[in-house]
Number of protein chains: 2
Amino acid sequence: MMISEVLDMSKASSSVDRVYDRVRHMAANFEFKPDERINESALSLKLGASRTPLREALNRLVAEGFLTFQNGRGFFCRSLSPEKIVDLYEARQAIECEALRRSVTRASDEEIAAVVAYLDETEPRYNTSKSTVEVLEMDEDFHIRLAELSKNTELVRLLRNINDRIRYVRLVDLKMILAKKQIAKNKGAKLSAHRVILNALAARDGEGAVAAMRSHIERRREEATEAVRIAYSQLYVPAD
Amino acid sequence: MMISEVLDMSKASSSVDRVYDRVRHMAANFEFKPDERINESALSLKLGASRTPLREALNRLVAEGFLTFQNGRGFFCRSLSPEKIVDLYEARQAIECEALRRSVTRASDEEIAAVVAYLDETEPRYNTSKSTVEVLEMDEDFHIRLAELSKNTELVRLLRNINDRIRYVRLVDLKMILAKKQIAKNKGAKLSAHRVILNALAARDGEGAVAAMRSHIERRREEATEAVRIAYSQLYVPAD
DNA sequence: TCATACAGAATTGTATACAGCATCTTATGC
DNA sequence: GCATAAGATGCTGTATACAATTCTGTATGA
């Protein structure tokens, strides 16, 4: 038996799965423009699969909120509006605060310590990294690990979905923040928002942790309208 | 031009949509047993459509959490476990409390009054109705109307999804409550939980409203484990 | 100039076919 | 009697075909 056969736990991922991953990534990053109609034949050709598995993937993505569907007219990229993004930020607050509330009683000291260790490890790169994509990935990863402490798989699932749907705007927002050099001001003296949340959780201070999380996300939510405006301008100008 | 053409806004719903509605209903009500494998050919025959639109509908339902999917083995009904149901109740708390928090500043007095009117109208039937299905529908409807006051379509969407996924267990739970005659005790003197939440919202008392909502749902969450046990026994005995 | 109607092209919606797995049955050896 | 292997069966995964619908571009009339 070959080593590759032993290591291959991927269940020989199907055509639908491959197509799904690709299209989801494309939709998340607005490689389809907002409200753009998706041509099934062209896309299936580009992805090297027939329309049948493509349409199955597209249907999944509609249910996940990445695409929309109109009878007889086919699939479209989701629209991009400040209202929609604000809605998602609020949903994120709901999910993450609830998760935190549950984590206070359900997460062991060891599990919390593991997230602290992750924060210790990644924090240096936070302020030095030139890649906004990398920074955002670390940020998302932290929030997911934190949410997982709640032991509630549904909350984690919802958070993953929401994160992926606001990723593009968050990326723009992050660039905006870096451009304004707000990071530099925050560096050093003040504890990072993540650290504050985690300290409160470790101290089993539910109210404090939730309050810190709420205001942490609230800050970004308030920037959403401007971030969407910038996102639009980025989407409709030649790539840099 | 015929009147029917003018009135027909239904866009001649497609085969996928019809199949989707039917299968979603079946899955919500556990007409498929937990973890049961779904035979596509048999089901497509039963629903009068070919496998192609059926599979598109099934893929949507996987993304919505009603079904699961395993590569090469096909589609299965979701499993039914106390842990999963508790997770969903907690997600519901997160969503509904967040919606309430937003409604405090966003709902007009008139909009709140409309929900009060709905409560006034339906409340008499609450304690008299023999149909648990009707009672649950009224309850769900109230919660949706309340959530809509937040003007956050994403929260409403999430709540709809969660409600549909816990409906079967809630129905069992409701029968359990009625059997114990807890309704009779609550009738009269005490304000209904819905009334308390709505009063707090009308008074713009966000903290009070959220606290009332949280404990309202919490009470049901605590019964989830027993309700799931009963649900299981109902599913695996001859229908009454 | 604008609106409308029509024909052709393009695209979607669904059925069907078939290859490839997974599962079940039966047979065989221990 | 039990475990295992081989063959048969049934189901899933995907491609393709074609019907039905929508879209596009052009021509016609007010």
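Quick note on labels: first sequence line is chain A, next is B, and so on, each numbered from 1. None of the values given here were measured: they were computed from a predicted structure.
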Check your understanding: Below 3.5 Å, does any donor atom in the side chain of Thr52(A) face an acceptor in the base of dT16(D), or the other way round?
Key -> yes

Check your understanding: Between Asn39(A) (CG) and dT24(D) (P), how many Å, whole number?
Key -> 12 Å

Check your understanding: When the nearest nucleotide of DNA chain D is assigned to Asp17(A) and to Gly72(A) on a heavy-atom basis, which residue is associated with the more 5' position?
Key -> Asp17(A)

Check your understanding: Is Leu54(A) touching bases, backbone alone, or none of the nucleic acid, heavy atoms closer than 4.0 Å?
Key -> nothing

Point to revise | Any N/O donor-acceptor pair, Arg73(A) side-chain to dG13(C) base, under 3.5 Å | key: no

**Study point:** Nearest-Å distance for atom pair CG/P, residues Leu45(A) and dA15(D)
**Key:** 11 Å

**Study point:** Interatomic distance where CZ belongs to Phe75(A) and P belongs to dT12(C) [whole Å]
**Key:** 9 Å

Check your understanding: Is the closest basic N to carboxylate O distance between Asp141(A) and Arg145(A) below 4.0 Å?
Key -> yes

**Study point:** Rounded distance in Å - CD (Glu40(A)) to C1' (dA10(C))
**Key:** 12 Å

**Study point:** Whole-Å gap separating P (dT14(D)) and CD (Glu56(B))
**Key:** 14 Å

Check your understanding: Only one of Lys151(B), Arg106(B), Arg101(B) forms a salt bridge (Lys or Arg N to Asp or Glu O under 4.0 Å) with Glu90(A), so which one is it?
Key -> Arg106(B)

**Study point:** Out of dT14(D), dT16(C), dG13(C), whichever nucleotide has its closest atom nearest the side chain of Ser14(B)
**Key:** dG13(C)

Review point. Where does the angle between the aromatic ring planes of Phe142(B) and His194(B) fall among parallel (under 30°), tilted (30 to 60°) and perpendicular (over 60°)?
Key: parallel

Review point. Taking CZ from Arg51(B) and P from dA15(C), how many angstroms apart are they, rounded to a whole number?
Key: 12 Å

**Study point:** Separation of Leu159(B) CG from Glu96(B) CD (nearest 0.5 Å)
**Key:** 4.5 Å

Point to revise | Given dT14(D), dT14(C), dG13(D), the nucleotide with the shortest approach to the side chain of Ser15(A) | key: dT14(D)

Revision key, fill the gap. With the side chain defined as heavy atoms from C-beta on, Val16(B) is closest, among dT14(C), dA15(D), dG13(D), to dT14(C)

Practice item. Nearest whole angstrom, please: distance from the P of dT23(C) to the CG of Asn71(B). Key: 12 Å

Point to revise | Among dT12(C), dA15(C), dG13(C), the nucleotide that comes nearest once only the side chain of Ala49(B) is considered | key: dA15(C)

Exercise for review: Using a heavy-atom cut-off of under 4.0 Å over every strand shown, decide if Phe69(A) touches base, sugar-phosphate, or nothing.
Suggested key: sugar-phosphate

**Study point:** Sidechain N-carboxylate O distance under 4.0 Å for Arg214(A), Glu98(B)
**Key:** yes

Review point. Where each residue is assigned the nucleotide of DNA chain C containing its nearest heavy atom, which of Ser41(A) and Arg37(B) is assigned the position nearer the 5′ end?
Key: Ser41(A)

Point to revise | Rounded distance in Å - CD (Glu36(A)) to C1' (dC23(D)) | key: 16 Å

Review point. Counting any heavy atom closer than 4.0 Å, what does Leu43(B) reach on the DNA or RNA strands: base, sugar-phosphate only, or nothing?
Key: nothing

